[in-house]
2 protein chains.
Amino acid sequence: MPSRMIVSRELADFLKMIAHPDRLRMIEELRLGEKDVSSIAAALSLPATRVSQHLAQLRAHRLVDERRAGRNHFYRLSHPHLAAWIVDALQFIDVRNRLAEGDHIDSARALWTAQSRNTSH
Amino acid sequence: MPSRMIVSRELADFLKMIAHPDRLRMIEELRLGEKDVSSIAAALSLPATRVSQHLAQLRAHRLVDERRAGRNHFYRLSHPHLAAWIVDALQFIDVRNRLAEGDHIDSARALWTAQSRNTSH
DNA sequence: TGCAAACCTGCGAAGATATGCAGATAATGG
DNA sequence: CCATTATCTGCATATCTTCGCAGGTTTGCA
């Protein structure tokens with residue numbers, strides 16, 4: 001059995017699952033703790049249906065855990081460290097070329113990890 | 001300008017670029033240094049055309065650098081640390097469920113980072 | 001009960017990816 | 001020059017993703 005191929009496929013599936021702008025922002029949104037669907041949708045200015053669909057995918061891949069309270073569904077990261085690991089990826093991206101001059105990786109990192117209320121989202 | 005959306009899009013593009021079993025194995029193959037197209041193709045048992053196409057994509061996203069020597073094209077990781085960062089992702093995957101019983105993340109990591117000659121690829 | 005709020009799921013069209021094949025380039029060795 | 005080796009590029013097809021919309025489920029509350 002080509003175990004190595006299995007690992008690379010699993011890895012690719014995992015990466016595909018998080019490789020979407022909305023889902024990345026959602027993961028970042030859950031960095032500090034659980035949130036319900038409406039809160040996430042409002043924070044990111046996305047239609048709730050879309051957020052729900054993304055969450056269903058993340059749930060299917062066990063990247064988030066669900067907790068129901070009344071009619072609200074609260075989601076949290078299954079691996080709290082995931083958000084930090086994603087931020088580390090910024091070092092591999094030439095963000096400099098695409099943001100305003102003077103910006104660099106550190107500012108991108110700061111921007112990304114800043115609280116929602118402080119950012120120009 | 002929604003800088004945060006720009007960052008999330010860049011991040012998603014980067015993740016999509018590496019989210020492919022072949023490309024992951026290629027990155028891993030380049031972990032220890034440069035290799036030419038044929039060597040990579042042979043090591044991974046992939047058609048050279050496909051390897052070349054993948055490399056063209058990675059090149060376009062500046063994830064690999066090219067060096068030509070004669071009729072061989074040698075590629076290396078633009079960010080040598082990339083391979084290690086990818087290996088870190090194994091902690092987020094339930095490899096246990098999909099490999100033979102008794103395997104766990106550490107063995108998956110060992111498998112993944114093992115030299116080609118030591119692995120059942 | 002009945003209605004509304006908060007989510008979820010199914011479906012289909014549009015768009016993005018993957019991949020083999022044919023043909024094009026570039027360097028090497030007669 | 002010509003053939004050969006190593007690699008690249010263009011193209012068509014098959015497959016996967018995304019995303020809105022319509023309709024369904026569960027819970028809270030009057």
Side-chain angles (χ1 to χ4, degrees), chain A residues 2 5-6 8-27 29-30 33-78, chain B residues 2 5-6 8-27 29-30 34-77:
Chain A
M5 284 187 191
I6 295 177
S8 66
R9 245 195 302 273
E10 291 294 330
L11 215 35
D13 281 349
F14 161 72
L15 290 168
K16 265 184 230 161
M17 190 48 43
I18 64 174
H20 187 290
D22 293 348
R23 291 195 290 270
L24 286 171
R25 293 203 296 153
M26 286 167 59
I27 290 170
E29 199 61 32
L30 295 176
E34 66 177 16
K35 279 198 171 185
D36 69 324
V37 180
S38 303
S39 304
I40 299 171
L44 304 181
S45 303
L46 294 173
T49 300
R50 201 148 110 205
V51 171
S52 179
Q53 285 170 329
H54 284 312
L55 285 169
Q57 284 185 273
L58 294 173
R59 208 174 46 208
H61 285 249
R62 302 174 173 287
L63 296 182
V64 296
D65 292 326
E66 190 190 22
R67 177 179 74 86
R68 304 193 176 188
R71 38 190 167 183
N72 294 7
H73 298 202
F74 290 89
Y75 287 90
R76 76 180 75 180
L77 297 179
S78 301
Chain B
M5 285 187 191
I6 295 177
S8 65
R9 245 194 302 271
E10 292 293 330
L11 214 36
D13 281 349
F14 160 72
L15 290 167
K16 265 184 228 161
M17 189 49 42
I18 64 174
H20 186 291
D22 293 348
R23 292 196 289 269
L24 286 171
R25 293 203 296 153
M26 286 167 59
I27 290 170
E29 201 60 32
L30 295 176
E34 67 176 17
K35 279 199 170 185
D36 69 323
V37 181
S38 303
S39 303
I40 299 171
L44 304 181
S45 304
L46 293 174
T49 300
R50 202 147 111 206
V51 171
S52 178
Q53 286 168 329
H54 284 313
L55 285 170
Q57 285 186 270
L58 294 174
R59 209 174 45 208
H61 285 250
R62 303 174 172 287
L63 296 182
V64 295
D65 292 327
E66 191 190 21
R67 176 179 75 84
R68 303 192 178 190
R71 39 192 166 184
N72 294 5
H73 298 204
F74 289 87
Y75 287 90
R76 77 181 71 181
L77 297 180

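Lettering of chains follows the sequences in order, A, B, ..., and the numbering in each one begins at 1. Computed from a predicted structure; not experimentally measured. Only heavy atoms go into these numbers, but all of them, side chains included; no hydrogens, no water, no symmetry mates.
Atom NE2 of B/His61 sits about 9.5 Å away from atom NZ of B/Lys16, to the nearest 0.5 Å.
When the P atom of D/dC19 is taken as reference, atom CE of A/Met26 falls 12 Å away, rounded to whole Å. As rounded to whole Å, 12 Å separates atom P of C/dC8 from atom CZ of A/Phe74. Rounded to whole angstrom, the span from the CZ atom of A/Arg68 across to the P atom of D/dT25 amounts to 14 Å. Nucleotide C/dC8 holds its P atom 12 Å from the CG atom of A/Leu58, rounded to whole Å. Rounded to a whole Å, the CG atom of B/Leu15 is 13 Å from the P atom of C/dT17. Counting to the nearest Å, the C1' atom of D/dA6 and the CZ atom of B/Arg67 are 15 Å from each other. Atom C1' of nucleotide D/dG20 and atom CG of A/Leu46 are separated by 13 Å, given to the nearest angstrom. Across the protein-nucleic acid pair, A/Leu55 atom CG and C/dT9 atom C1' stand 14 Å apart, rounded to whole Å.
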- Could you summarise the pairing of DNA chain C as dot-bracket text, marking Watson-Crick and G-U pairs under 3.5 Å with ( ) or [ ] inside the strand and | across strands? ||||||||||||||||||||||||||||||
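Side chain of A/Arg23 to main chain of A/Met17: a donor-acceptor pair is present (N/O by atom type, distance under 3.5 Å, no hydrogens or angles).
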- Task: Report the C-alpha separation of B/Val51 and B/Leu44 in whole Å, then their side-chain angles, then the decisive distance to 0.1 Å, and conclude whether the side chain to side chain contact (heavy atoms under 4.5 Å, CB included) test is met.
- Result: CA-CA 9 Å; B/Val51 171; B/Leu44 304 181; 5.7 Å; no
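Applying the side chain to side chain contact (heavy atoms under 4.5 Å, CB included) test to B/Arg76 and every residue at least two apart in sequence or in another chain returns B/Glu34, B/Asp65, B/Arg67. Remark: B/Phe74 engages no residue in a ring pair (Phe, Tyr, Trp, His ring centres under 6.0 Å) (not counting sequence neighbours). Legend: residues meeting side chain to side chain donor-acceptor pair (under 3.5 Å) with B/Thr49, ordered by chain and number and at least two apart, are absent. Shown here are the side chain to side chain contact (heavy atoms under 4.5 Å, CB included) partners of A/Arg59, two or more places apart in sequence or in another chain: A/Ala56, A/Val64, A/Glu66, A/Tyr75. Judged as a ring pair (Phe, Tyr, Trp, His ring centres under 6.0 Å), and not counting sequence neighbours, the contacts of A/His54 are A/His20.
Look at A/Arg59 and you'll find a side-chain N or O under 4.0 angstrom from OP1 or OP2 of C/dC8.
The heavy-atom pair separating A/Ser8 from B/Leu24 by the smallest distance is O-CD1, 3.5 Å. Shortest non-hydrogen contact noted between B/Ala41 and B/Pro47 is CB-C, 4.5 Å.
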Collect all protein-nucleotide pairs involving nucleotides 3-6 of chain C in which both atoms are nitrogen or oxygen and the distance is under 3.5 Å.
residue	atom	partner	partner atom	Å
C/dA5	O4'	A/Arg71	NH1	3.3
C/dA6	O3'	A/Arg71	O	3.3

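Among the protein residues, B/Tyr75 comes within range of the sugar-phosphate backbone only, with heavy atoms under 4.0 Å from sugar or phosphate atoms but none that close to a base.
Among pairs with a residue in residues 40-58 of chain B, those fulfilling salt bridge (Lys or Arg N to Asp or Glu O under 4.0 Å) read B/Asp22-B/Arg50, at least two apart in sequence or across chains.
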- Each nucleotide of nucleotides 18-25 of chain C classed B (base within 4.0 Å of a protein heavy atom), S (only sugar-phosphate) or -, in 5' to 3' order, makes SBBB----
